[in-house]
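Have a look at the structure below before the remarks.
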There are 2 protein chains.
Amino acid sequence: MAVTLKDVATAAGVSRSTASRALSGSGLISEETRAAVENAARGLGYRPNRTASALRSRQTHLIGLVMNNLINASFHTIADVVQRRASAEGYQVLLCITDADPAKERSVLRMLSEHNVDGVVVIGTGRNSDLVDELMGAGTGAVNVIRGTEGGRAPSVLASDREGAHAATRRLLELGHTRIGFVGGLASANSGRERFAGYEQALREHGLETDPALVERGPFTPAFGAEGTRALLDRRPDVTALFAANHEAVFGVLPTLVSRGIRLPDDLSLICYEDISWLRSWQPPVTVVDNGADELGRLCFDLLLRQMRESPGPGPGPGRVYRVGADLVERSSCAPPRTSPLPAPPPPPAGGTRG
Amino acid sequence: MAVTLKDVATAAGVSRSTASRALSGSGLISEETRAAVENAARGLGYRPNRTASALRSRQTHLIGLVMNNLINASFHTIADVVQRRASAEGYQVLLCITDADPAKERSVLRMLSEHNVDGVVVIGTGRNSDLVDELMGAGTGAVNVIRGTEGGRAPSVLASDREGAHAATRRLLELGHTRIGFVGGLASANSGRERFAGYEQALREHGLETDPALVERGPFTPAFGAEGTRALLDRRPDVTALFAANHEAVFGVLPTLVSRGIRLPDDLSLICYEDISWLRSWQPPVTVVDNGADELGRLCFDLLLRQMRESPGPGPGPGRVYRVGADLVERSSCAPPRTSPLPAPPPPPAGGTRG
DNA sequence: AAGATGTATGCAACCGATCCCATTACCGTG
DNA sequence: CACGGTAATGGGATCGGTTGCATACATCTT
């Protein structure tokens, strides 16, 4: 039904091989035959069959993008960047969502191998390095992002969670804050652990000890952000600055501050992790740590592309680790500590009346 | 290098055809040969080569997902749902981002055709129905979501923007509001047009005329949401309710209300379009119109699956249009109109001091 | 002028699974 | 016993490009 290379060859009066070489640009072809073939192809509306091409040439121009979910902002930023870079280089992206379920991850990696992808980007998963190594053994490229594998052959592109948290905390200390609250993720997550470590390190370097009463750690949810903030403010009303260590929590932290009538930066200073777009349009614009999600995406695809272009694959040694820096983006949510107490906690939910 | 069907066949002592039938489950196979082949396959770690299978059987088990961007919440919700449903049915998703650029769209659709995808989901684009029709002519399935094509053969799954906006506005009217502000998208976007129409219709049905001073329309950005809200509040301080007609604007609307010390629902009632997760954890939780993004995703994939399972494709008539309802999700941001004026506009940015 | 390079092209195998068709084996039945 | 029918399997073409090798002819070398 569809126009095949054979049709083009016939129309141009050459053999299939010649037509193939003319269109792929490889091999020796006279300028006139090339033109003839190209005209014939255009005239017939020829579309190369990539499946057939992939079968023979062992290049599918497909890459797999394996991630826990599409909701997390860093994840879909990376997905976005990888997709754009890939398509600019003639690769298509197979989107795979695993819900952080190791069994799904394994089945997805098997699937990708059956589809003969040329490369794999694995976001935020330090697991299954055995399957990834197996893929690499078969000549497939692979890169880990956000989380690396221990001892796997694939290179890793990691964020600088500890450094970012350290910079944020130090900035607050420099402004004169000494009672800095931490609202962030559990130690069970790598990023939660690292960011807390950065926070503690900055305090230590400033001669302060971590005060457990100033620390709220819990799941990566807005609900926890709200709850944790409330608890922290109630327990330590003398807190003068807050470090919100992940953007999911921020969705809970900010509304809670608002509902208590706490104004930034006069009543409280706030720094958030990850540069979510709406933190820019917040009143006032919120100072954030940009974890470099764009750069993570760019770098990891470039590493993958390099692997895919080199013939066989890298040596058997463990994959190199690359770091992408985190930047403190100063906006207007930080100031020196306030001198008077925080506004009173909110009045009990009164029905529709106002003072 | 890799284990092929031939190896499995040899190991099991049968021919390639028999091995193929045994593994694919089609055709007549004795129970014992099937078991023998399956054991051989397992033993050798056989992975079917989907590229080869696709070439011969003309089924790639790939579907294309074409969308403007990954950032828009409805879009990535739909992408998420489609990906999950697809992978549950053994299909993989090729992610294509077009930035709403018609030229990119066309090149993406051509690319998908070259990759021989079994189906295509086109989100939020009413264009290029010619290329989509061409795909369908070649036996590929296709579905439009959010926006349909005029006269194209692919079915469309549309949201109920007008009805949703109508329901929201009516709810505010029922509470007794008569000065209801509209902050939303330009008429150049379909959703902007439809939602505004629903707003106007509800007012009309209530015997009210649209007051241009209460309407702010602009780009789908937080910046416009903030700016529009400020302008509207300044122009009409007697406004008692606000309908924020898209979630991008909401990111600007809410902070602006907060910065003016306007409390929900006592000072102002607010309804937002699209059920973004953090509107649930806002203080107070915000009443929203859920445009049914999940259901849009589910339905459009089911329609696609049906097409892909039916042999050739639908008749030549124009594609059917399906509607997914919009639900008003009542939370706590709405109340009867206030009786006293709004709090005064914010003080000029004073440097660090507070009353 | 004969041999050595080099350029342009065709032939045919090939990638790995699928599937039409032929073949064989085995059953029941008139 | 011959014959029709069905179940199970093998043979080999096929999907549509790609690619190694052979071939043909032109150009260059000494």
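Residue numbers begin at 1 in each chain, while the letters A, B, ... track the order of the sequences.
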What does nucleotides 5-15 of chain C look like as a protein-contact string, B for base, S for sugar-phosphate only, - for none, at under 4.0 angstrom between heavy atoms? ---SBBBBBBB

His61(B): partners by ring-ring contact (aromatic ring centres under 6.0 Å, His included), with sequence neighbours left out: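 For His61(B), the residues satisfying ring-ring contact (aromatic ring centres under 6.0 Å, His included) (neighbours in sequence not counted) are Tyr91(B).
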
Stepwise, does the side chain to side chain donor-acceptor pair (under 3.5 Å) test hold for Thr125(A) with Arg147(A)? CA-CA 6 Å; Thr125(A) 302; Arg147(A) 272 207 76 166; over 6 Å; no

Show the numbers, then the answer: is there a side chain to side chain contact (heavy atoms under 4.5 Å, CB included) between Phe75(B) and Asn69(B)? CA-CA 7 Å; Phe75(B) 289 178; Asn69(B) 63 67; 3.9 Å; yes

Is Ser57(A) reaching over with its side chain to a backbone N or O of Ser53(A), donor-acceptor style, under 3.5 angstrom? yes

Give a yes or no on whether the backbone of Asp101(B) and the side-chain of Asp99(B) come within a donor-acceptor separation of less than 3.5 Å. no

Ser20(B) side chain N/O closer than 4.0 Å to the phosphate oxygens (OP1, OP2) of dA17(C)? no

dG16(C) phosphate, OP1 or OP2, under 4.0 Å from Tyr46(B) side-chain N/O: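 Result: no.
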
Rounded to whole Å, how long is the line connecting atom [atom1] of [X] with atom [atom2] of [N]?
{"X": "Leu23(B)", "N": "dT9(D)", "atom1": "CG", "atom2": "P", "result": "13 Å"}
{"X": "Lys6(B)", "N": "dG10(D)", "atom1": "NZ", "atom2": "P", "result": "15 Å"}
{"X": "Asp7(A)", "N": "dC15(D)", "atom1": "CG", "atom2": "P", "result": "11 Å"}
{"X": "Leu44(B)", "N": "dA17(C)", "atom1": "CG", "atom2": "P", "result": "12 Å"}

Decide side chain to side chain contact (heavy atoms under 4.5 Å, CB included) for Leu70(B) and Leu70(A); before the verdict, give the C-alpha distance in whole Å, the side-chain angles of both, and the deciding distance to 0.1 Å. CA-CA 9 Å; Leu70(B) 258 182; Leu70(A) 258 182; 4.1 Å; yes

